[in-house]
Amino acid sequence: MTTAHVGHLLDWLRDAYAMEQQAEVMLKDLVERLEHYPQLRAHMEDHLEDTRKQQVLLKGCIERLGSSPSMLKDLMGRVMAFGQSVSGMAVSDEVVKGAMSTYVFTHMEIASYTILIAAARAIGDNETQRVCESILQQEIAMAEWLRGHLPEVTQAFLARSATPGMNAKR
Ligand code: MG
């Protein structure tokens, strides 16, 4: 274990913390806006709860390594730009775009935790490795649930769109 390795692990943990903050903003927004898709909304709500717990776990890892979460990481700006570009507020198929962007975002999270697990293992930080493995399982479960339900969401959206007087957007 070298100081440089710890530095990289800390950087990536702070990136992940910023990413989970952005995930919270995106999910909270979707949960508040979705009106006609209760199953999707309920699942987003569960993942929002997980996301808040993930932030606490990451903060614990960062603090055990003797640092604190940075709120001003460059990644935060990039992640926010990503979130805004796909948040779909102004589009008529908001529910479809929201589900799609959540699916894409979840895959960025899967990549991040896979990297963190490898870095924690390289350093011998067993607790960080364990925490990131448990979070990774939640992200994989979310991605799989979304992939399985994207067709259903699409069909529900199309059915509502084709029905006069029904709001399909969200
Ligand atoms: Mg997450």
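It should be emphasised that the depicted structure is a prediction, and the values quoted were computed from it without experimental measurement. Whatever order the structure lists them in is the order used to number ligands and atoms, beginning at 1.
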Next item on the list: Output, in order, the C-alpha distance, side-chain angles, deciding distance and verdict of salt bridge (Lys or Arg N to Asp or Glu O under 4.0 Å) for R130 and E133.
Entry: CA-CA 5 Å; R130 190 195 61 76; E133 280 168 351; over 6 Å; no
Checklist line | Those residues that, when tested against R147, pass side chain to side chain donor-acceptor pair (under 3.5 Å) (two or more places apart) | finding: none
Notebook entry, point to check: Hey, what's the angle at the Mg ion (ligand 1) spanning OE1 (Q54) and OE1 (E20), nearest 10 degrees?
Noted result: 80°
Check: Any N/O/S atom of Q138 sitting less than 2.8 Å from the Mg ion (ligand 1), backbone or side chain?
Finding: no
Next item on the list: First locate atom CG of D125, then atom SG of C61, and finally report the distance between them rounded to the nearest 0.5 Å.
Entry: 6.5 Å
Check: With respect to W145, which candidate in L40, T106, I140 satisfies the side chain to side chain contact (heavy atoms under 4.5 Å, CB included) definition?
Finding: L40
Next item on the list: Quickly, which of Q55, Q54, H47 forms a side-chain hydrogen bond (donor to acceptor under 3.5 Å, both in side chains) with E24? Name it, please.
Entry: Q55
Check: For the Mg ion (ligand 1), which N, O or S atom of E109 is at the shortest distance?
Finding: OE1
Checklist line | Which atom of E139 approaches the Mg ion (ligand 1) most closely (N/O/S) | finding: OE2
Notebook entry, point to check: Can you tell me if an N/O/S atom from D50 lies under 2.8 Å from the Mg ion (ligand 1)?
Noted result: no
